[in-house]
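Since the structure comes first, as structure tokens, the remarks are kept for the end.
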Amino acid sequence: MLWQEADAFAAEYVAPRVARMEAAPGRVERKVADLMAARGWFAVTVPAVFGGLGAGHVARTVLVHRIARVSAAAAAILQATLIPVGALLHFATYEQKGRWLPRVADGSVLLSIAVTEPLAGGHIGGIETTAERAGNEWVITGSKIHIGNSHLAGAHLVVARTDRPGVSTSQALTAFMVEADRPGLSVSDHRAGLGLHGFSAGRLDLDHVRVPEDNVVGEIGQGLAVAQSSSILYGRPNLAAVSLGIHEAVVDTTTARLKTRPRYQGALSDLPVLRDRVGGMEARLRAARILAYQAVHLLDQGLPCDADLINAKYLGHQWAVQSAQDAMELHGAHALDGDYIVQRLWRDIQHTYPPAGTGEVQRIRLADAAFAEDHFQWSERLAAEAAWVRPDPTAA
């Protein structure tokens with residue numbers, strides 16, 4: 001039912017806005033965000049006790065995947081808030097969840113997660129943003145870049161350095177909820193990227209921003225755990241779902257073109273050399289779909305699956321890029337038209353490579369699994385917190 005609902009929503013509300021989003025890449029799309037919020041989709045993994053759908057991780061993937069088939073930018077808006085929501089679910093106190101999650105569920109506030117920095121990039125250990133205690137407050141100073149939903153979020157989950165000399169990197173960082181209207185917090189003007197037009201991934205500058213003690217998420221020194229677990233359990237499968245949606249659109253668009261393009265008393269789709277290329281695209285798409293859904297199914301079951309989530313993101317992107325390049329070539333010069341869908345899909349898929357770890361990072365983590373050195377599993381450690389997605393077999 002959710003699959004059908006997402007498809008109907010994308011057809012009715014997202015598809016008519018795509019051309020406008022592409023024509024005005026410097027504009028942040030807000031209406032689609034409001035419409036998704038009205039359906040409670042930003043709280044798809046949030047338990048009902050906090051106003052959410054309590055539907056689990058497969059449901060999350062369904063929503064992102066099906067919307068991405070029509071607009072990867074709209075899907076990016078959804079997935080970017082789901083990452084900090086996951087962090088709150090796993091690390092916030094019950095009182096903090098009660099303060100933030102119902103507002104996400106009713107659409108009154110969207111969230112971002114702010115980890116990446118101008119110099120450190122995605123290297124968490126290199127974070128330079130600092131948070132210093134001042135009485136019962138914390139004072140945060142620094143800059144964050146490539147922050148998804150930077151211009152839509154009403155609050156940002158900021159990871160900052162709170163270490164003292166001699167403290168290990170694993171205990172050097174802390175996560176804070178920072179409301180967007182806090183004095184000293186500024187968001188740079190939106191600048192359009194290569195793709196995902198309508199989605200904002202901008203820069204936050206924090207100049208001595210004060211937040212109260214109860215805005216700390218998790219324990220002091222637990223920021224690395226907050227960032228890493230959110231990236232693995234939410235960021236990677238979300239991006240796998242975005243890649244999958246783009247990949248499906250690539251294959252659908254290409255087959256439709258080849259079937260209707262006449263050539264040699266038939267159509268281009270009759271030529272064996274082209275069917276061979278399309279067969280490769282279809283094989284990659286089917287494999288990517290299995291990887292994406294198998295990984296989150298394991299997560300819903302509370303089973304250790306960090307490597308599966310990592311692999312779904314890594315190969316899902318890689319295969320979609322290969323199919324998008326094939327599509328560009330199979331369309332010939334027609335693919336070079338600026339307003340043609342294949343060019344948009346080719347641009348959009350580039351955006352699923354850097355976030356939540358580049359391909360090199362994913363392969364290193366997969367090598368850890370191959371050598372049986374991935375002893376720590378976030379999916380297993382946080383299974384207890386995710387247990388609400390599974391029925392209780394002892395219940396009457």
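All values derive from a computational prediction rather than experimental measurement. Note that the numbering runs from 1 along the sequence shown for the chain. Below, each value reflects all heavy atoms present in this structure, side chains not excepted, and no hydrogens, waters or symmetry copies.
Judged by the 6.0 Å distance and 45° axis criteria, R60 is positioned over the aromatic ring of Y234.
Of the charged side-chain nitrogens involved, at least one lies within less than 4.0 Å of a carboxylate oxygen, so that R133 and E213 count as a salt-bridged pair. The existence of a salt bridge linking E22 and R347 is confirmed by a sub-4.0 Å separation between a basic side-chain nitrogen and an acidic carboxylate oxygen.
A68 and A241 get closest at one heavy-atom pair: CB-O, 4.2 Å. The shortest heavy-atom contact between A240 and A312 is CB-O, 3.5 Å. Of all the heavy atoms in D308 and P304, the pair that sits closest is OD2-O, 4.4 Å. A pairwise comparison of heavy atoms in V32 and A74 identifies CG1-CB, 3.9 Å as the closest pair. Considering all non-hydrogen atoms of both residues, A6 and R66 come closest at CB-CB, 3.8 Å. Residues A192 and P25 approach most closely at CB-O, 3.2 Å, considering heavy atoms.
Residues L157 and V226 form a side-chain contact, since some pair of their non-hydrogen atoms from C-beta on lies under 4.5 Å apart. Looking at heavy atoms from C-beta onward, L101 lies in side-chain contact with V85 at the 4.5 angstrom threshold. Side-chain atoms of N238 and L82, non-hydrogen and from C-beta on, do get closer than 4.5 Å to each other. Contact of the L2 side chain with the R39 side chain is not registered, since no non-hydrogen atoms from C-beta on lie closer than 4.5 Å. A 4.5 Å side-chain heavy-atom check between V217 and Q222 finds every atom pair outside the cut-off. Using a 4.5 Å heavy-atom threshold, the side chains of L345 and E248 count as separate. Put simply, the side chain of I77 does not reach to within 4.5 Å of the side chain of I67, judged on heavy atoms. You'll find the side chain of T253 reaches within 4.5 Å of the side chain of Y340, heavy atoms only.
Listed by first and then second residue, the ring pair (Phe, Tyr, Trp, His ring centres under 6.0 Å) pairs that reach into residues 275-309 are H65-Y293, sequence neighbours excluded. Sequence neighbours left out, the pairs with a member in residues 353-372 that pass ring pair (Phe, Tyr, Trp, His ring centres under 6.0 Å) are H317-Y353. Among residues at least two apart or in separate chains, ring pair (Phe, Tyr, Trp, His ring centres under 6.0 Å) pairs with a member in residues 119-147 are W138-F176. Legend: ring pair (Phe, Tyr, Trp, His ring centres under 6.0 Å) pairs involving residues 180-207, not counting sequence neighbours, sorted by first then second residue: H151-H190.
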Evaluation steps, salt bridge (charged side-chain N to carboxylate O under 4.0 Å, His left out), between R286 and E282:
CA-CA 6 Å; R286 288 176 177 271; E282 180 71 7; 2.8 Å; yes
Set out, in order, the CA-CA distance, both residues' side-chain angles and the distance that settles side chain to side chain contact (heavy atoms under 4.5 Å, CB included) for S379 and L303, then state yes or no.
CA-CA 7 Å; S379 48; L303 298 172; over 6 Å; no
Which is it for E329 and Q325 under the side chain to side chain donor-acceptor pair (under 3.5 Å) test, yes or no, and what are the steps along the way?
CA-CA 6 Å; E329 296 171 7; Q325 183 60 36; 3.1 Å; yes
Can you list the steps and then say if W41 with L35 is a side chain to side chain contact (heavy atoms under 4.5 Å, CB included)?
CA-CA 9 Å; W41 288 352; L35 292 169; over 6 Å; no
Step by step, work out the side chain to side chain contact (heavy atoms under 4.5 Å, CB included) result for H156 and L185.
CA-CA 10 Å; H156 309 279; L185 174 64; 3.7 Å; yes
Could you give me the CA-CA distance, side-chain angles and deciding distance for S200 and S150, then say whether side chain to side chain contact (heavy atoms under 4.5 Å, CB included) is met?
CA-CA 6 Å; S200 70; S150 53; 3.5 Å; yes
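In terms of modelled atom types and a separation under 3.5 Å, the side chain of E132 and the main chain of V139 share no donor-acceptor contact. Using a distance-only test at 3.5 Å, with no hydrogens or angles considered, a donor-acceptor pair links the side chain of D348 to the main chain of L196. Side-chain atoms of T255 come within 3.5 Å of backbone atoms of D252 as a donor-acceptor pair (strictly under, hydrogens ignored). One N or O on the side chain of K144 and one on the backbone of V159 form a donor-acceptor pair closer than 3.5 Å. Distance alone, capped at 3.5 Å, is enough to place a donor-acceptor pair between the Q362 side chain and the G357 backbone. With hydrogens and angles disregarded, no donor-acceptor distance shorter than 3.5 Å links the side chain of Q79 to the backbone of V64. Side-chain N or O atoms of T141 include none that pairs as donor or acceptor with a backbone N or O of D207 at under 3.5 Å. Not a single donor-acceptor pair under 3.5 Å links the side chain of R365 to the backbone N or O of A307. A donor-acceptor pair under 3.5 Å is formed between the side chain of R161 and the backbone N or O of I127. At least one donor-acceptor pair under 3.5 Å links the side chain of K313 to the backbone N or O of P355.
Going from atom CD of Q171 over to atom CG of D163 covers 10.5 Å, rounded to the nearest 0.5 Å. The CG atom of L244 sits 9.0 Å away from the OG1 atom of T61 when rounded to the nearest 0.5 Å. Rounded to the nearest 0.5 angstrom, L330 CG and S323 OG are separated by 10.0 Å. Rounding to the nearest 0.5 angstrom, the gap separating the OG1 atom in T130 from the CD1 atom in I140 is 8.5 Å. The CD1 atom of I349 sits 11.5 Å away from atom CG of L194, with the distance rounded to the nearest 0.5 Å.
For S229, the side-chain contact (heavy atoms from CB on, under 4.5 Å) partners at least two apart in sequence or on another chain are F91, W378, L382. S143 pairs by the side-chain contact (heavy atoms from CB on, under 4.5 Å) definition with P118, R203, D205, not counting sequence neighbours. Among residues two or more places apart in sequence or in another chain, the side-chain contact (heavy atoms from CB on, under 4.5 Å) test is passed with A19 by none. In terms of the salt bridge (charged side-chain N to carboxylate O under 4.0 Å, His left out) criterion, residue partners of E360 (sequence neighbours excluded) are, by chain and number, R363.
L119 belongs to no multi-residue hydrophobic cluster, having no ILVMFWY side-chain contact under 4.5 Å with any other such residue. Through direct or relayed side-chain contacts under 4.5 Å between Ile, Leu, Val, Met, Phe, Trp and Tyr, L291 connects to I310, Y314, L315, W319, L366. Under a 4.5 Å side-chain heavy-atom cut-off, the cluster of Ile, Leu, Val, Met, Phe, Trp and Tyr residues that includes M1 has no other member.
More than 12 non-hydrogen atoms from other residues, nucleotides or ligands lie less than 6.0 angstrom from NE2 of H334. Counted within 6.0 Å of CD on E373, heavy atoms from surrounding residues, nucleotides or ligands total more than 12; the atom is thus considered enclosed. Other residues, nucleotides and ligands contribute at most 12 non-hydrogen atoms within 6.0 Å of the CZ atom of R275.
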Donor-acceptor pairs are to be reported for all side-chain atoms of residues 260-267 against protein atoms at under 3.5 Å, with residues two or more places apart or in another chain.
| from | atom 1 | to | atom 2 | distance (Å) |
| --- | --- | --- | --- | --- |
| T260 | OG1 | A256 | O | 2.9 |
| T260 | OG1 | R257 | O | 3.3 |

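Screening L88, V216, D214 for a side chain to side chain contact (heavy atoms under 4.5 Å, CB included) with M177, the sole residue that qualifies is L88.
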